[in-house]
Amino acid sequence: MSEHLLEVESLEVQFVTRAGTAHAVRDVSFTVDRGETLGLVGESGSGKSVTAFSILGLIQLPGRITGGDVRWKGESLLGTAGQRRLQKIRGKELAIVFQDPMTSLNPLFTVGKQIGEVLRLHRGLSRGPARERVVELLDLVGIPSPGAKAKAYPHELSGGQRQRVMIAMALAGEPELLIADEPTTALDVTIQAQILELIAELQARLGLAVLLITHDLGVVAEVCKRVAVMYGGKIMEAGAASDLFERPGHPLHEGPARLDAEARRRPAAAHGDRRSAAEPSRAAAGMSVRAALLDSDRPLRERDAAARAARARKGGGVLACLR
Amino acid sequence: MGRYIVRRLAQGLLVVFLVTVVVFVTTRLVGDPVDVLLPFEATTEQRAEFEHQLGLDQSIPAQFWDYLVGVVHLDFGESLVLREDAMGIVLERLPATLLLVAAGMGLAFVVSMVLGVLAALRPGGWFDRLAVVGSLAALSMPEFWVGMLLIYVFAVELDLLPSSGKGGIEHLVLPAVTMAFATIGRMVMIVRSSMLDELAQPYVQTARAKGLSGRRTVGIHAMRNVSVPVLTLFGWELILALAGYTAVVETVFAWPGIGYLAYNAIVDQDLILLQAVVFLVAIFVVVINILIDIVYRAIDPRIQLA
C-alpha cells in the first residue's frame, strides 16, 4: 500500500469563547507511516496535545476542528461518516497513552476490568479469555505478578505501573498506531527512561507506528527518526531527527534547544501541560527567533482569555447556569 | 469488614442509649403529664394515685432505671391517651411509614438521577437551565405547602386522586410525591454537579479513547464515581425523610404512620408514646448510617472503614 497510515492535512482547531477565539492548531500537516515513529515536539501550549486529541476526535467544546482533514488509511475521520468510522477504530486500530497516569485510570474499577473492557469491545473476547489476555498484556508491559495486579485498583499501583497499565490498555486493541501524549512527563526521571524503553521495544516487536508527543528533545533524539516541531499551533519545521540535531546553523534550532534546557531547569513546569497553556511568559522567554516567523496575530493573548472563560464556566455552578 | 460492623453496631448502641437519655430528660422537663391527663377538678388523692400508677412518685434515678429496663424489653409503658402498649402502637403504624418513605425516596432517587445526568450532559442547554431553576424552586417549597398544593390541584380541582388516608396505590401517590419534592430539588443539584465534575476527569477521556460508547462512558465509568457523593446526600435525605418529613407529610395527608402518630402524641402530650416513636426512629437512623457506610466501601475501594 502506498498510502500513509495517518495523514493530517492543514488541520485547524479553534476554541471559540465569548472572550475570543484561540487558534490552538493552525495549518498543521504531517504523515505517519506504518511502523514509523514520528516525534511531535514543542513547548507547553504549542498545540501538540490538541493535535493528538483532534486525531482521536476527543476535542470538546468550546474546541472545534475548523479546517483541514485527518485521514486514516486514506479515509477521512472527520464529518458524520468519518466520526462513525472513528468510533469503530478508536481504541482498536488507533490508541493513545495520556500524559497523567494518576488520573487517566478510573479509580473505582480494577485495572484488569479496565483493560478487559477493550478486549471485550474490540476483540470480542468473553469474560474468561479476556481475563487471561489481561494477564498476558500486563506481563508484556513488564508488570510483576500480573495475575495479582489485574485485580488491583489504580490507587494500589505506583505511577510507573499505572502508565504501564495505560500502555497495556492501549495495546489491548492491537493498534497500528499508538499516540503517546507526553507519556513520561508525569513520572519520576528514573521511571521515564523505563517507559520510553518499553514503548520503543514494543514498537520494534509489534511493528507499531508511534506518534510521540513530547517537549523533551532528549527523548526525541533517542526514539524518533522523524521530528516535527510545533510552536504557537503551527509546525515550524519538520524533518529527520539527525538533521535537526546536527545542523546548529539552522535558526530554528535555537528555540527547541533552549526550550529543552529550560524544561530541565524547571522540572515542576513539566507537569500540568494544559494548565500552563494560559501563561505566555515561557513563550516570551526564549522564543524570539521563532516568534518572528509567526503571523502577527499571535494567539497567546486570546488563549489566555479562553482559559479564563473556561475556568469561569467550570467554577460558576448554579449561578453561572442561571445567568 | 465483620469487625467493622460489630464496632459500628456498638457505636450505634451508644447513640441509641444517649437518645433514650435525652428523651427521658426532655419528657421530664416539658411538663407534668398528670396535669394534662387528669381533669382540672381531680382531687389530690386522685392525683397521687395516678402518679403512683405512672411511677412518678419515685426518685428520678429510680424512674430512669425503670425506664431503661423497660426500653431493653421494648416496653415503654402504656400510651397515656390510647391506653395501649406504646411500642405495640408504634410497630403497628411502622409499615405505613416505611411504605411511604420507600415510595417517596425511591421516586426521588430515580427522578433526580435521570434529571441530573441529562442536565449534566449538555451544561448550559435549555434542559439544564430548566432543571436547575426547577430544582431551586422545588427545594424552596416547604412540604406542607407542596402537599396542600397537590391536594388542591389533583384532589379538589381535578378530582383524580384521594386527598387523605391509606388505601390502594392511588392513596400513596400524593404523599409520596410531596415527600420526594424537595429531595429531588437537592439531589438533582448534586447529581448534576458531580456528573459535570466527573465528565471533566481524564479517565472519561480515556474511556472515550478506548472506543467505549458515550452511554457506557457516562452510565458506567462516570456514574460509579458520581454515586459516591450522591449516596452521601441520599443517606441524609433518607434519614430526614424518616425522622422529619414523615411527621409533616403524614399529617397533611392523614397517613396513618408513625409521623402522624408522633404529631398527635405531641399535641396530646402523650410522652410515653412519643418516647417509643423517637426510640424507633433513632434505631433506624443508626442502621441506615451503617448500611450506607457498607455500600460506600463496596463502591469505592479507596475508602477505608475504620
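So that the names make sense, note that chain A is the first sequence line, chain B the second, and so on, each numbered from 1. Nothing here was measured: the structure is a model prediction, and the numbers come from that model.
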Residues K210(B), L121(A); criterion side chain to side chain contact (heavy atoms under 4.5 Å, CB included); working and verdict: CA-CA 9 Å; K210(B) 275 154 77 171; L121(A) 178 69; 5.9 Å; no

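If you measure heavy-atom distances from M166(A) to chain B, the contacts under 4.5 Å come from the side chain alone. Both the backbone and the side chain of L58(A) have a heavy atom closer than 4.5 Å to some heavy atom of chain B. Contact annotation for P154(A): neither backbone nor side-chain heavy atoms come within less than 4.5 Å of a heavy atom of chain B.
Taking every heavy atom of both residues into account, A209(B) and R90(A) meet most closely at O-CG, 3.2 Å.
For R123(A), the CZ atom counts as densely surrounded, since its 6.0 Å shell holds more than 12 non-hydrogen atoms of other residues, nucleotides or ligands. L158(B) CG: more than 12 foreign heavy atoms inside a 6.0 Å radius. Atom CZ of F127(B) has more than 12 neighbouring heavy atoms from other residues, nucleotides or ligands inside a 6.0 Å radius. In the displayed structure, R85(A) atom CZ is contacted under 6.0 Å by more than 12 heavy atoms of other residues, nucleotides or ligands.
The side-chain heavy atoms of L108(A) and H221(B), taken from C-beta on, include no pair separated by under 4.5 Å.
Identified by a heavy-atom distance below 4.5 Å to chain A, contributing residues of residues 240-251 of chain B are lacking entirely. Among the residues in residues 174-181 of chain B, none has a non-hydrogen atom closer than 4.5 angstrom to a non-hydrogen atom of chain A.
Atom CG of L212(B) sits about 10.0 Å away from atom CD of Q114(A), to the nearest 0.5 Å. In this structure, D100(A) CG and Q205(B) CD are separated by 12.0 Å, a value rounded to the nearest 0.5 Å.
In terms of heavy-atom pairs under 4.5 angstrom with chain A, the leader among N225(B), I299(B), V228(B) is N225(B). In terms of heavy-atom pairs under 4.5 Å with chain A, the best-connected choice from S193(B), P202(B), S213(B) is P202(B).
A donor-acceptor pair under 3.5 Å is absent between the side-chain atoms of S104(A) and the main chain of T206(B), judged by distance alone.
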